[in-house]
Q: 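Have a look at this one before I ask anything.
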Amino acid sequence: MSITSFNPPVRTLMGPGPSDVHPRVTGAMARPCIGHLDPAFVGMMDEVKTMLQYAYQTKNQLTIPVSAPGSAGMETTFQNLLEHGDKAIIAQNGVFGGRMKEVAERCGATAIMVEDDWGKPVDPQKIEDACKAHPDAKLVAFVHAETSTGARSDAETICKIAHDHDMLTLVDAVTSIGGSELRVDDWGIDAIYSGTQKCLSCTPGISPVSFSERAIEVITSRKSRVQSWFLDTNLVMGYWGANAKRAYHHTAPVNALYALHESLVMLQDEGIENSWARHKKNHLVLRAGLEAMGLSFIVDEEHRLSQLNAVTIPEGIDEAVVRSRLLNDFNLEIGAGLGALAGKVWRIGLMGHSSRAENIFLCIAALEAVMSDMGADINTGVALSAAQNAMK
Ligand SMILES: *Cc1c(COP(=O)(O)O)cnc(C)c1O
């Protein structure tokens, strides 16, 4: 065997996640590993919980990081809230609503699907109709920021409808946290999960979740045990809970939590509203450049996410060749279309530390260079100045 150390190339990450990790975060990860029951570590855990409450704009006590990626947060929320025989109304307008169905059904629940076209937001009227048609449903679940299409749904309105029908609300905020306005308490979100690798400028592998009092009542009065031992919040709380004995449940990913802590300190220092505003402003700069080049967005302006820009591909261009040239010649990663949009769009992420001017200008210049070399029908020589104007 002659395998040597792995040294990854240095890339600029402008896909659907992971996004660029801030050097302060990778620096924090390299700090010494200590025991997950060490008093010094336990103090840091409390700070992580407090800062996650800020990131979610919630006072929920049960706001903790699950030791696994966003998909585990999805499993945690569904598995704790749903029991065999329950009904869940689930909105699907892209890839991730489909995953929610998978997960809900594996909990033994029936999924009532409410579908919208890919690229469109969830239609609140359809949610209202589904609540009326299925008054016995336990919860309404939807994706706030659909990363597969770049569409943002109106979480506040959907939650209000669900509560008017006395149902719980379960929200996927993997791509929204830190990047789009998100107010768990004001909007009445009962269960929410997100990820660290999108708009928090952190490494992948942790999923912050939060549950309202109302959701906790449902969890503590379950008739059956949560099917997953690892994700059962009743057990996890022995380690993470307020006034808990910090009893061993599983070994926390110590260094990954240093990373999350650092990224949340950065969010707190920037200010959450400023972070949302930065994502929006940078989106407008990228948009000016891409539109000047002749690319167009697939989501209506009103429902567009700042952090995920899904744009059309010029006629006759092999999109996979463009992406591989960006990667090989410019160390730049952008995302391909998923599912129904595969081969039809690029997904350009401006998430977290990736949402900054130097990334935008690299992306516009590199896309133009590669596409004009391939003979694409685009406008050349105008995109960078359009972006520059949008910065003013
Ligand atoms: C990325 C993503 C997920 C999955 O997160 P992982 O960390 O990849 O498990 C779920 N939902 C949405 C909307 C996402 O963007």
Side-chain angles (χ1 to χ4, degrees), residues 42-68 70 72-82 88 100 138-145 155-160 162-163 166-196 198-200 202 206-222 226 231-244 246 249 252 257 260-261 263-265 267-268 271-273 275-276:
V42 167
M44 191 212 66
M45 289 167 68
D46 288 332
E47 292 181 350
V48 167
K49 288 202 297 181
T50 302
M51 291 190 290
L52 282 178
Q53 288 174 329
Y54 174 66
Y56 273 142
Q57 296 287 290
T58 183
K59 295 195 171 69
N60 287 344
Q61 282 297 324
L62 182 42
T63 301
I64 57 168
V66 173
S67 304
M74 186 188 288
E75 294 266 359
T76 300
T77 49
F78 279 93
Q79 289 208 27
N80 281 276
L81 289 176
L82 291 180
M100 285 178 158
K138 191 175 199 176
L139 58 83
V140 172
F142 62 96
V143 179
H144 181 216
E156 186 174 14
T157 301
I158 297 168
C159 289
K160 183 165 186 315
H163 283 173
D166 212 24
M167 293 174 198
L168 294 167
T169 55
L170 193 170
V171 178
D172 177 320
V174 175
T175 283
S176 14
I177 195 169
S180 303
E181 182 176 11
L182 175 63
R183 301 182 187 277
V184 167
D185 289 356
D186 290 353
W187 295 354
I189 296 172
D190 293 303
I192 191 164
Y193 60 92
S194 60
T196 44
K198 306 216 178 174
C199 296
L200 291 180
C202 188
I206 304 265
S207 179
V209 298
S210 183
F211 291 92
S212 70
E213 287 302 322
R214 203 173 130 145
I216 293 170
E217 271 166 41
V218 169
I219 295 171
T220 50
S221 57
R222 286 176 65 100
V226 175
L231 302 174
D232 184 341
T233 52
N234 290 304
L235 304 178
V236 174
M237 287 310 277
Y239 180 57
W240 274 102
N243 311 317
R246 305 289 180 202
H249 175 262
L257 287 168
L260 176 59
H261 183 276
S263 71
L264 292 171
V265 168
L267 182 67
Q268 164 208 275
I272 189 128
E273 263 120 6
S275 180
W276 298 336

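Side chains are part of it too, since the values below use all heavy atoms of this structure and drop only hydrogens, waters and symmetry mates.
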Q: Going by heavy atoms in the side chains, are His249 and Trp240 under 4.5 Å from each other?
A: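 No, too far: nothing below the 4.5 Å cut-off.
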
Q: I need the minimum non-hydrogen distance between Ile189 and Ser212, along with the two atoms involved.
A: O-CB, 4.1 Å

Q: Is Phe211 close to Asn60 at the side-chain level, that is, under 4.5 Å between some pair of heavy atoms?
A: no

Q: Less than 3.5 Å apart, any donor N or O on the side chain of Thr58 or Asp185 sitting next to an acceptor on the other?
A: yes

Q: Side chains of Val143 and Thr175, heavy atoms from C-beta outward: is any pair under 4.5 Å?
A: no

Q: How long is the span from the NE2 atom in His261 to the CE atom in Met51, to the nearest 0.5 Å?
A: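 His261 NE2 to Met51 CE: 3.5 Å, rounded to 0.5 Å.
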
Q: Does some side-chain heavy atom of Glu47 sit less than 4.5 Å from a side-chain heavy atom of Gln268?
A: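 The answer is no, as the side chains (C-beta and beyond) never meet within the 4.5 Å cut-off.
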
Q: Applying the side chain to side chain contact (heavy atoms under 4.5 Å, CB included) criterion to Thr196, which one of Leu257, Leu264, Leu260, Val174 satisfies it?
A: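 Option passing the side chain to side chain contact (heavy atoms under 4.5 Å, CB included) with Thr196: Leu260.
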
Q: For Gln57, look at atom CD and say whether over 12 heavy atoms of other residues, nucleotides or ligands are found less than 6.0 Å away.
A: yes

Q: Taking C-beta and beyond as the side chain, do Phe142 and Val171 meet within less than 4.5 Å on heavy atoms?
A: yes

Q: Could you tell me whether the side chain of Lys49 reaches within less than 4.5 Å of the side chain of Ile64, counting heavy atoms only?
A: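 In contact.
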
Q: Among Asn80, Leu81, Val236, find the one that has a side chain to side chain contact (heavy atoms under 4.5 Å, CB included) with Val226.
A: Asn80

Q: Side-chain contact test, heavy atoms from C-beta onward, threshold under 4.5 Å: evaluate it for Lys138 versus Val218 and give yes or no.
A: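 Heavy-atom side-chain distance check passes, below 4.5 Å.
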
Q: Are any non-hydrogen side-chain atoms of Leu182 and Ile192 less than 4.5 angstrom apart?
A: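 Sidechains of Ile192 and Leu182: in contact.
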
Q: Got a second to check how far Thr220's OG1 is from Glu213's CD, nearest 0.5 Å?
A: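 So the OG1 of Thr220 and the CD of Glu213 are separated by 9.5 Å.
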
